Amino acid sequence: MLEIEFENPNISVCECCGGKTTRLTRFVHKDGNAFAIYYLSFTDNHPDKSIIGIISIGDWGSDGPPKNRKSFPFKIWTNEKNYQIGLIDKIESPWQDALLGEILNRNEALKHNWIKDVFHITDHIVAEDILAIEYLNQSNG
Ligand SMILES: [Zn+2]
């Protein structure tokens with residue numbers, strides 16, 4: 001069972017357009033244990049209404065070095081009816097922090113054993129992360 005712990009959003013002004021950029025930090029617990037974190041970022045007046053994000057899975061229960069963490073950068077957008085999730089390459093990730101562990105490119109991520117956990121978490125994002133859902137639904141309206 002996955003549970004998401006929601007932090008307050010971090011709001012800033014987009015350097016490229018003066019729009020409002022929202023950055024979200026979430027902690028994911030699996031069966032009561034620290035399991036993953038994810039970040040999301042979106043800007044209100046960009047023509048490309050997609051959310052960029054990264055999920056880092058690994059030894060979040062310890063304070064040790066993040067050698068057993070892997071990160072999976074992705075995008076979420078909507079078509080007429082459904083949320084779409086696409087993995088992206090490391091270079092496209094606005095987050096490159098060492099604490100995220102190794103950031104995988106799309107082709108590496110798709111072959112990784114943990115990819116099912118990544119999509120399990122994205123299922124929860126589009127069902128439960130209200131700020132992200134509201135942004136995506138706006139773009140669809
Ligand atoms: Zn901008």
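These numbers were taken from a predicted model, which means no experiment stands behind them.
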What I'd like to find out is whether the side chain of [X] reaches to under 4.5 Å of the side chain of [Y], using heavy atoms alone.
X      : Y      : answer
Lys20  : Ile11  : yes
Pro73  : Asp89  : no
Leu2   : Glu128 : no
Leu110 : Phe72  : no
Leu87  : Ile115 : yes
Thr122 : Phe74  : yes

Ignoring hydrogens and geometry, is there a side-chain-to-backbone donor-acceptor pair from [X] to [Y] under 3.5 Å?
X     : Y      : result
Asn68 : Gly58  : no
Asn79 : Asn82  : yes
Ser56 : Leu100 : yes
Arg26 : Tyr39  : no
Arg23 : Pro9   : no

Distance only, no hydrogens: is a donor on one side chain within 3.5 Å (strictly under) of an acceptor on the other, for [X] and [Y]?
X      : Y      : result
Tyr83  : Asn137 : yes
Thr21  : Ser12  : no
Tyr135 : Asp44  : no

Say you draw a straight line from [atom1] of [X] to [atom2] of [Y]; how long is it, rounded to the nearest 0.5 Å?
X      : Y      : atom1 : atom2 : value
Ser93  : Ile52  : OG    : CD1   : 6.5 Å
Gln138 : Thr78  : CD    : OG1   : 11.0 Å
Lys49  : Ile76  : NZ    : CD1   : 15.5 Å
Asp123 : Lys116 : CG    : NZ    : 13.5 Å
Phe35  : Lys30  : CZ    : NZ    : 4.0 Å
Cys16  : His46  : SG    : NE2   : 3.5 Å

Heavy atoms of other groups near Ile91 CD1, more than 12 under 6.0 Å: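 It does not: Ile91 CD1 has 12 such atoms or fewer within range.
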Heavy atoms of other groups near Glu3 CD, more than 12 under 6.0 Å: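 No, because the 6.0 Å sphere around CD of Glu3 holds 12 heavy atoms or fewer from other groups.
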Pair listing, side-chain hydrogen bond (donor to acceptor under 3.5 Å, both in side chains) test, anchored in residues 99-114, at least two apart: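 Checked against side-chain hydrogen bond (donor to acceptor under 3.5 Å, both in side chains) - neighbours excluded - the pairs reaching residues 99-114 are Lys70-Glu102.
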Verify same cluster id: Ile133, Ile85 (apolar side-chain graph, 4.5 Å):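 Cluster IDs for Ile133 and Ile85 match.
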Result of checking Asn10, Ile125, Asp129 against Leu24 for side-chain contact (heavy atoms from CB on, under 4.5 Å):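 For Leu24, the side-chain contact (heavy atoms from CB on, under 4.5 Å) check succeeds only for Asp129.
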Residue among Ile4, Thr25, Ile54 satisfying side-chain contact (heavy atoms from CB on, under 4.5 Å) with Tyr38: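 So, applying the side-chain contact (heavy atoms from CB on, under 4.5 Å) to Tyr38 and each of Ile4, Thr25, Ile54, only Ile4 qualifies.
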